[in-house]
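Working notes, structure below.
Just so we're clear, the structure is a prediction, and the values are computed from it rather than from any experiment. Here is the naming used below: chain letters follow the sequence lines, and residue numbers restart at 1 for every chain.
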2 protein chains.
Amino acid sequence: MDDTDRALLALLQHDATLSYTTLAGGIGLSSAATHDRVRKLRDTGVIRRTTIDVDPTALGRPTLAYVLLSADTWIGDDDTATRLRALPWVEEAHIVAGSASLLVKVRTADNTELQAVLRRLYDIPGVSGTQTIVVLDTVFERPTNPHGNPTTHD
Amino acid sequence: MDDTDRALLALLQHDATLSYTTLAGGIGLSSAATHDRVRKLRDTGVIRRTTIDVDPTALGRPTLAYVLLSADTWIGDDDTATRLRALPWVEEAHIVAGSASLLVKVRTADNTELQAVLRRLYDIPGVSGTQTIVVLDTVFERPTNPHGNPTTHD
DNA sequence: CCTGAAACAAGTAGGTG
DNA sequence: CACCTACTTGTTTCAGG
């Protein structure tokens, strides 16, 4: 993982349809060497997958909310994870420190559907309460920055 | 946007390197028709871009936290957005309802770096306080589900 | 890491219900 | 209008150095 790899990752994050020839031009290498590096990044798991970024509004889910789940038992187990995965509105689930146990990211069609999802979250065994943070507007969402932390060199 | 489009989106979310021939086989259409549909999904903005999913740990940012920013003035303006964008640790920023004004997703190398980012967030004009939710473990992160809400047909 | 060639996919054109 | 088959252009991928 050198600077060339990081440059490659940045280019591919921005547009993964770029040809190896174009990528090669961007980093000053031959197309074959570029190909080799990308293959290695895939094989080592740095690149987890090539995917598409879909507009949630176009999919009928313009409403976004973060829900903090409180629990009276441990809900960081596999069963809870399985139940959360079964809910198509849940995009992320994290075990968190603090008074809540779990943080989930939820996308729904509207507030009515959000309410229905909250009800389903309550139905998960161990869940004793929810605190919902409704997103009014998303300022930006972007991929993890591959470049070294700028302040490291201060 | 019919079921065929949604099936296409689901396939591409899972693996955007699939050839049109393979995609075509998955949805029972010719390669050219598949190509046409994908082009339309791109042109209409349903597919925002093709990108790679990079492991944040491999990029040296294994620590994840959500930070709620309180403000004593309005911080939903362009200047605040620009300042947040300038911080490479900030992956998402949302204007939220409730006592906080802004919710930001932050990835850092460790807790020390997280602390440094919090300090920078405080430096944004109008920010009067932060509440940090540290993620101990990510259960899952996945793309927006393209399929119709299962409970719609209940 | 490079050059170069073979296998393959993307993208285009023209035609059908 | 969405789909098909057939073709051209360009890209991926793999030798060998």
Check whether [X] reaches the backbone of [Y] with its side chain - one donor and one acceptor, N or O, closer than 3.5 Å.
X        : Y        : answer
A:Thr80  : A:Gly76  : no
B:Gln115 : B:Asn111 : no
A:Thr132 : A:Val134 : no

Whole-Å distance between [N] [atom2] and [X] [atom1]?
X       : N      : atom1 : atom2 : answer
B:Arg37 : D:dC4  : CZ    : C1'   : 14 Å
B:Leu29 : C:dT16 : CG    : P     : 20 Å
B:Met1  : D:dC1  : CE    : P     : 20 Å
B:Asp2  : D:dC1  : CG    : P     : 15 Å
A:Asp36 : C:dT3  : CG    : C1'   : 14 Å

Q.
Any donor-acceptor pair under 3.5 Å linking the side-chain atoms of A:Ser31 with those of A:Thr34?
A.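 No, no side-chain donor-acceptor pair sits under 3.5 Å.
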Among the candidates [options], find the nucleotide nearest to the side-chain atoms of [X].
X       : options              : value
A:Ser31 : D:dA2, D:dT12, D:dC3 : D:dT12
B:Ser30 : D:dT12, D:dC4, C:dA9 : D:dC4
A:Ala32 : C:dA9, D:dC14, D:dT5 : D:dC14
A:Tyr20 : C:dC1, D:dT13, D:dC3 : D:dT13
B:Ser19 : C:dA9, C:dC1, D:dT12 : C:dA9

Q | Secondary structure of DNA chain D in dot-bracket form (Watson-Crick or G-U wobble, distances below 3.5 Å, | marking inter-strand pairs) | A | |||||||||||.|||||
Would you tell me if any nitrogen or oxygen in the side chain of [X] comes within less than 4.0 Å of OP1 or OP2 on [N]?
X       : N      : answer
B:His35 : C:dA10 : no
B:Lys40 : D:dA2  : yes
B:Arg39 : C:dA10 : no

Electrostatic pair [X]-[Y], nearest N-O below 4.0 angstrom:
X       : Y       : result
B:Asp55 : A:Arg49 : no
B:Asp3  : B:Arg6  : yes
A:Arg85 : A:Glu92 : no

